[in-house]
Amino acid sequence: MTSTVPDTDQAPAPALRGPVARPGSRLLHRMVWLRLSLLLSAPLAWMVLVYVVALAALLITSLWSVDSLSSEIDRTWTLDNFRTLIENEVYRNVTVRTIGVALAVTVIDVAIALPIAFYMAKVATPRARRMLVVAVLTPLWASYLVKVFSWRVVLSEGGLAEWTGLGSPGYGLTAVVITQSYLWLPYVILPIFAALERVPDSLLEAAGDLGAPGSMVLRSIVMPLLVPGIVAGAIFSFSLTMGDYITVNIVGGANQMLGNLVFVNAGAANNLPLAAAIAMIPIVVMLVLLTAIRRTGALENI
């Protein structure tokens with residue numbers, strides 16, 4: 001009795017099934033750039049629509065003017081709004097005040113965030129680190145208005161600041177700096193904490209074993225690795241302060257910042273082109289700041 005063995009060499013290959021057999025899938029499988037382009041097209045289109053188109057519309061609006069008789073917008077392009085911002089002393093003072101407050105808030109936040117972030121990253125136990133991260137993130141879950149009005153109560157006459165004996169600065173620029181420093185502090189702590197976590201403990205231990213003093217370790221090892229985190233936190237704090245106007249309305253007293261002028265001109269004054277021109281000032285300031293930071297090379301490591 002003989003048995004026959006099937007000839008496996010001539011057996012037909014199974015037909016390809018599934019997405020690989022489809023022409024479109026085979027094309028995407030071969031062309032990685034096409035697959036990547038289709039994947040990024042939707043978010044890139046949204047970014048262009050939300051940011052680029054919005055900024056272009058803001059710039060175009062700032063070149064319009066308002067007819068003094070009819071209060072209608074004249075869509076003829078002119079630089080009168082920017083000329084007003086340069087020649088009017090009020091707008092110059094408000095611009096300088098806004099930049100000064102933003103710088104003060106940034107310096108205070110960085111000074112407070114550095115020791116907190118260092119303790120979280122290098123000193124605290126894992127359990128304490130997790131608790132501190134939650135403590136830093138918890139204020140972000142509360143309403144922005146609730147936090148600002150809470151500081152209004154603290155800084156008010158007869159409020160918590162006076163009750164504790166510390167004294168209250170009252171409503172004004174000092175109150176604005178204190179409130180905004182509190183509001184943006186988590187945005188500064190977290191990038192610095194992330195940068196410190198990337199500093200290997202072995203580097204610090206090796207430097208200590210070689211007899212390097214603490215100041216040299218901080219200057220030569222920690223700070224170069226920490227600069228990107230500080231820059232990221234400073235950008236958050238500075239930009240958020242430049243664009244804020246609610247805090248000034250609540251605890252700023254009679255003081256004004258650029259955000260207030262945008263709000264007034266876009267609302268009560270019904271001068272949308274001038275409001276758009278004022279809104280261009282923080283954008284220009286941030287572009288100049290980012291260009292200066294980019295020249296230092298700090299942005300490349302963020």
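Note: hydrogens, waters and symmetry copies are ignored here, and every other heavy atom, side chains too, is used. The model shown is predicted, which means the values in this text are computed figures rather than measured ones.
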Transitive ILVMFWY side-chain link [X] to [Y], under 4.5 Å:
{"X": "L55", "Y": "V48", "result": "no"}
{"X": "I99", "Y": "V284", "result": "no"}
{"X": "L59", "Y": "V53", "result": "no"}
{"X": "W77", "Y": "M280", "result": "yes"}
{"X": "L287", "Y": "Y51", "result": "no"}

[X] to [Y] - nearest heavy-atom pair and separation:
{"X": "P169", "Y": "I178", "result": "CG-CD1, 4.1 Å"}
{"X": "G233", "Y": "V188", "result": "O-CG2, 3.5 Å"}
{"X": "A57", "Y": "T61", "result": "O-OG1, 2.7 Å"}
{"X": "M242", "Y": "P282", "result": "CE-CA, 3.7 Å"}
{"X": "P186", "Y": "P191", "result": "O-CD, 4.4 Å"}

Exercise. Can you check side-chain contact (heavy atoms from CB on, under 4.5 Å) on I278 and L85, steps first, answer last?
Worked result: CA-CA 8 Å; I278 298 172; L85 297 181; 3.7 Å; yes
Problem set entry | Residues, nucleotides or ligands: over 12 heavy atoms within 6.0 Å of F82 CZ |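 It does: F82 CZ has more than 12 such atoms within range.
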Exercise. Side chains of D244 and T241: do they bring a donor and an acceptor to under 3.5 Å?
Worked result: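 Not at all, the side chains of D244 and T241 share no donor-acceptor pair under 3.5 Å.
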Exercise. Under 3.5 Å, is there a donor-acceptor pair linking the side chains of T106 and D109?
Worked result: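 No, D109 and T106 have no side-chain donor paired with an acceptor closer than 3.5 Å.
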Would you say [X] and [Y] make side-chain contact, with heavy atoms under 4.5 Å?
{"X": "R92", "Y": "T95", "value": "no"}
{"X": "N270", "Y": "V66", "value": "no"}
{"X": "I250", "Y": "L145", "value": "yes"}
{"X": "M47", "Y": "V52", "value": "no"}
{"X": "L114", "Y": "I230", "value": "yes"}
{"X": "V154", "Y": "S150", "value": "no"}
{"X": "L63", "Y": "P273", "value": "no"}
{"X": "V285", "Y": "F238", "value": "yes"}

Between atom [atom1] of [X] and atom [atom2] of [Y], what is the distance when rounded to the nearest 0.5 Å?
{"X": "I189", "Y": "S237", "atom1": "CD1", "atom2": "OG", "value": "11.5 Å"}
{"X": "L258", "Y": "T98", "atom1": "CG", "atom2": "OG1", "value": "3.5 Å"}
{"X": "N255", "Y": "Y171", "atom1": "CG", "atom2": "OH", "value": "14.0 Å"}
{"X": "W151", "Y": "S156", "atom1": "CH2", "atom2": "OG", "value": "12.0 Å"}
{"X": "F149", "Y": "T179", "atom1": "CZ", "atom2": "OG1", "value": "11.5 Å"}
{"X": "L274", "Y": "N88", "atom1": "CG", "atom2": "CG", "value": "9.0 Å"}

Problem set entry | Pairs meeting criterion salt bridge (Lys or Arg N to Asp or Glu O under 4.0 Å) with involvement of residues 115-138, two or more places apart |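 For residues 115-138: K122-D201.
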Exercise. Salt bridge (Lys or Arg N to Asp or Glu O under 4.0 Å): which pairs involve residues 68-77, sequence neighbours left out?
Worked result: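 Every candidate salt bridge (Lys or Arg N to Asp or Glu O under 4.0 Å) pair involving residues 68-77 fails, so no pair, neighbours aside, qualifies.
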Exercise. Where do T84 and N81 land on the side-chain hydrogen bond (donor to acceptor under 3.5 Å, both in side chains) test, with the steps shown first?
Worked result: CA-CA 5 Å; T84 300; N81 293 323; 5.4 Å; no
Under 3.5 Å donor-acceptor, [X] side chain and [Y] backbone:
{"X": "N265", "Y": "L261", "answer": "yes"}
{"X": "T164", "Y": "A161", "answer": "yes"}
{"X": "S168", "Y": "L155", "answer": "yes"}

For this session: Test Y245 against Q256 for side-chain contact (heavy atoms from CB on, under 4.5 Å), laying out the working first.
Result: CA-CA 8 Å; Y245 76 95; Q256 287 186 320; over 6 Å; no
For this session: Sort out for me which residue in T247, V105, V107, L103 forms a side chain to side chain contact (heavy atoms under 4.5 Å, CB included) with V177.
Result: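 The residue from T247, V105, V107, L103 that satisfies side chain to side chain contact (heavy atoms under 4.5 Å, CB included) with V177 turns out to be V105.
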For this session: Under the side-chain contact (heavy atoms from CB on, under 4.5 Å) rule, what do F193 and V133 come out as? Steps first, then yes or no, please.
Result: CA-CA 9 Å; F193 167 69; V133 170; 4.1 Å; yes
Exercise. Given the side-chain rings of W184 and F236, with only the six-membered ring counted for Trp, is the space between their centroids under 6.0 Å?
Worked result: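 Distance test on ring centres: not under 6.0 Å, no.
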Problem set entry | Partners meeting ring-ring contact (aromatic ring centres under 6.0 Å, His included) with F118 (sequence neighbours left out) |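 With sequence neighbours excluded, F118 shows a ring-ring contact (aromatic ring centres under 6.0 Å, His included) to no residue whatsoever.
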Problem set entry | Evaluation steps, side-chain contact (heavy atoms from CB on, under 4.5 Å), between L226 and V199 | CA-CA 8 Å; L226 192 58; V199 178; 5.9 Å; no
